[in-house]
Amino acid sequence: LGFASYRMYIRYQNVSPEQERRIIEYVLEEKNIFWAASLYGSWDLEILIFAKSFYHFNDIWDRFLTQFCKYISDFILSLATFNYHYKRRYLTNNTTQLPEAYYGGEPEDIDLDKKDIALLDILATDARIHIIDLSKKLKLTSNAVRYRINNLERLKIIQTYRLWVDISKYNYELHKALVKTTNLTKAQEARIISFCSTIPNTLYVIKCFGPWGLELEFEVRNSEEYNRIMMKFRNEFSDIIKSIETIWIYKELKIKYFPL
């Protein structure tokens, strides 16, 4: 759809609970912020922004800073070039699987009509909606809606359907590794994708341009399980790892993969 993904890490200063609530309310309302989470570690807030260009991103970010700059002590940009998604294989005992879907690469602007945009907007927040209810909302026949969904899937605009799961309900945690590497070759990148495919706890592998080259996300029972995974990762890729920084994503605040 012509969008690129910009990931901002934010550190607070002098923030009261009320001021933090205002920041989160703003993030939830901003349509170009498609994911956000509260963090423990070196950073306090992570937001992902869909933008058509760097100038578009800068405009979105400037609006945020205009509102909240006095509460921000530092921030850093990580530009995601490829994002690989995995299913929650630890729930099904499926030990090996290639990524389920990905987004990123060179932005491609595909024209969509108003009905397609409305369809995607609904599915982005309620992918389980019944086809009859969807057809009523769109004022189309069920067959017309099915055709549009199938076409959007064929074009890879719709890549997969995922649950937004509150993993704390079954006592799991989401940990992220920010990995600095030597110059990562295509072969080394393929090795990392292959390795992560053998770890059922892998949720995302993100290739970045910025202060680190990779972001790895794992849903785990506790920090000990995360540490065991990272020890295996360090041992496997000691030849290319410079450093690893860990953050704990303790609360996901928002997810909507459609900014129009």
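Note: hydrogens, waters and symmetry copies are ignored here, and every other heavy atom, side chains too, is used. In this text the structure is predicted, and so the values were computed from the model without any measurement.
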About how many Å separate CD1 of Ile157 and CD1 of Ile149, when rounded to the nearest 0.5 Å? 13.0 Å
Would you say Tyr6 and Ser78 are linked by a side-chain donor-acceptor pair, where the criterion is simply a distance under 3.5 Å? no
CG on Leu253 to CD1 on Ile47, rounded to 0.5 Å: 10.5 Å
Under a plain distance cut-off of 3.5 Å, with no hydrogens placed, do Thr246 and Tyr226 share a side-chain donor-acceptor pair? yes
Classify the angle between the aromatic ring planes of Phe57 and Phe54 as parallel (below 30°), tilted (30 to 60°) or perpendicular (above 60°). tilted
CD (Gln19) and CD (Gln13) are apart, to the nearest 0.5 Å, by 10.5 Å
Value rounded to 0.5 Å, distance of CD in Glu219 from CD in Glu225: 11.0 Å
I need the Asn201 CG to Cys196 SG distance, nearest 0.5 Å. 11.0 Å
When you check the side-chain N and O atoms of Gln67 and Tyr26, is any donor under 3.5 Å from an acceptor? no
With no hydrogens and no angle check, do the side chains of Tyr9 and Glu46 hold a donor and an acceptor under 3.5 Å apart? yes
Test ring pair (Phe, Tyr, Trp, His ring centres under 6.0 Å) applied to Phe209 - qualifying residues, sequence neighbours left out: none
Only one of Trp43, Tyr40, Phe218 clears ring pair (Phe, Tyr, Trp, His ring centres under 6.0 Å) with Trp248; which? Tyr40
Can you name the nearest heavy-atom pair linking Ile193 to Ser197, along with the distance? O-OG, 2.8 Å
Ion pair Glu25/Arg21, N-O distance below 4.0 Å: yes
Cut-off 3.5 Å, side chains only: do Glu245 and Ser42 have a donor facing an acceptor? yes
Partners meeting side chain to side chain contact (heavy atoms under 4.5 Å, CB included) with Ser238 (sequence neighbours left out): none
Taken in chain and number order and not counting sequence neighbours, the residues that satisfy side chain to side chain donor-acceptor pair (under 3.5 Å) with Glu20 are none
Using every non-hydrogen atom in the two residues, find where Arg191 and Glu236 come nearest and quote the distance to one decimal. NH2-O, 3.1 Å
Ile33 versus Ile49, closest heavy-atom pair with distance: CG1-CG1, 4.0 Å
Looking at Asp121 and Lys31, is any side-chain nitrogen of the basic one under 4.0 Å from a carboxylate oxygen of the acidic one? no
Could you see if Tyr90 belongs to whatever hydrophobic cluster contains Leu174? Use Ile, Leu, Val, Met, Phe, Trp, Tyr and a side-chain cutoff under 4.5 Å. yes
Of all the heavy-atom pairs spanning Met230 and Ala177, show the shortest one and how long it is. CE-CB, 3.7 Å
Go through Tyr71 and Arg11 one step at a time and tell me if the side-chain contact (heavy atoms from CB on, under 4.5 Å) criterion holds. CA-CA 9 Å; Tyr71 306 126; Arg11 187 178 300 126; over 6 Å; no
Sequence neighbours excluded, every pair satisfying salt bridge (charged side-chain N to carboxylate O under 4.0 Å, His left out) that has a member inside residues 208-217: Arg7-Glu215, Lys176-Glu215, Lys176-Glu217
For residues 183-203, which residue pairs qualify under ring pair (Phe, Tyr, Trp, His ring centres under 6.0 Å), counting only residues two or more places apart or in two chains? Phe195-Phe233, Phe195-Phe237
Nearest atoms (heavy-atom pairs only) where Ile199 meets Lys232: CD1-NZ, 3.9 Å
Going by side-chain hydrogen bond (donor to acceptor under 3.5 Å, both in side chains), name the pairs with one or both residues in residues 126-141, residues two or more places apart or in two chains. none
To the nearest 0.5 Å, what is the distance between CD1 on Ile76 and CD1 on Ile10? 12.0 Å
Atom of Leu77, atom of Pro211 and distance for their closest heavy-atom approach: O-CD, 3.4 Å
Checking side-chain polar atoms at under 3.5 Å, does Asn151 have a donor or acceptor matched by the opposite partner on Arg154? yes
Could you go step by step and tell me if Ile247 and His175 meet the side-chain contact (heavy atoms from CB on, under 4.5 Å) rule? CA-CA 6 Å; Ile247 54 177; His175 290 252; over 6 Å; no
